[in-house]
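Take a look at the structure below.
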Amino acid sequence: MYIKQKEGWIEVITGPMFAGKTEELLRRIKRLEYAKHNIIVFKPTIDTRYEEGHVVSHDNNKTRSINITTAKQILDYVDRNTQVVAIDEVQFLDEEAVEICEYLADKGIRVIVSGLDRNFRGDEFSFMPRLLAIAEYVTKLSAICVKCHTPATRTQRIINGKPAKYDDPVILVGAKDTYEARCRDCHEVPNKPKRYKFLDEK
Ligand SMILES: [Zn+2]
């Protein structure tokens with residue numbers, strides 16, 4: 001007896017910045033390319049940190065990709081011969097990405113996506129919770145906290161050398177902000193509303 005999974009499922013690679021999400025996505029893509037799988041790689045155009053038409057990791061590993069501005073555009077490139085669809089930085093697409101991923105998986109396509117699970121405030125990143133809920137497989141990677149060197153699950157945003165405030169806008173790719181990996185304890189979000197407190201807190 002053997003166990004074989006039917007084709008069509010969703011894999012999500014998530015975590016903070018500097019955790020190696022794109023690196024892990026590229027590893028899975030390359031493995032499937034060696035096996036001659038019919039694979040299409042997509043990338044939202046908002047992520048212009050690196051060259052156009054390629055998914056590139058921080059250490060300059062890369063593969064060719066198609067730039068898209070809406071999730072629905074994926075359907076313009078997929079046909080019955082497509083076996084794998086990969087999307088880098090999926091959190092920058094519109095929410096229809098969830099329905100598109102579900103549709104592709106239902107059609108027998110292996111869908112592999114990578115994306116941030118939280119924004120710089122430490123809150124969930126738009127539709128990512130929905131995607132994580134419908135995925136068959138979730139790989140949650142951690143980085144290393146630059147302050148205390150324990151596992152980091154958050155992305156610290158810094159503007160002009162100071163921690164970004166809670167009310168600063170979320171998406172600013174390529175702006176003057178810098179980012180760091182931080183753990184729960186070292187992550188700083190000035191002005192974040194406090195909902196609860198202990199008896200002995202002010
Ligand atoms: Zn820390």
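Just so you know, ligand 1 is whichever comes first in the structure, and atom 1 is the first atom listed for that ligand. Numbering starts at 1 and runs along the sequence shown.
- Within a 6.0 Å sphere centred on NZ of Lys192, other residues, nucleotides and ligands contribute more than 12 heavy atoms.
- Residues meeting the side-chain hydrogen bond (donor to acceptor under 3.5 Å, both in side chains) test with Arg118, sequence neighbours left out: none.
- In this structure Thr150 satisfies the side-chain hydrogen bond (donor to acceptor under 3.5 Å, both in side chains) test with no other residue, sequence neighbours excluded.
- Side chains of Lys147 and Arg182 form a contact here, defined as non-hydrogen atoms less than 4.5 Å apart.
- Each protein N/O/S atom under 2.8 Å from the Zn ion (ligand 1) was counted, for a total of 4.
- You'll find the ring centres of Phe18 and Tyr179 outside the 6.0 Å limit.
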Run the side-chain donor-acceptor check on residues 98-107: report pairs under 3.5 Å with partners two or more places apart or on a different chain.
unit_1 : atom_1 : unit_2 : atom_2 : d
Glu99  : OE2    : Arg130 : NH2    : 2.5

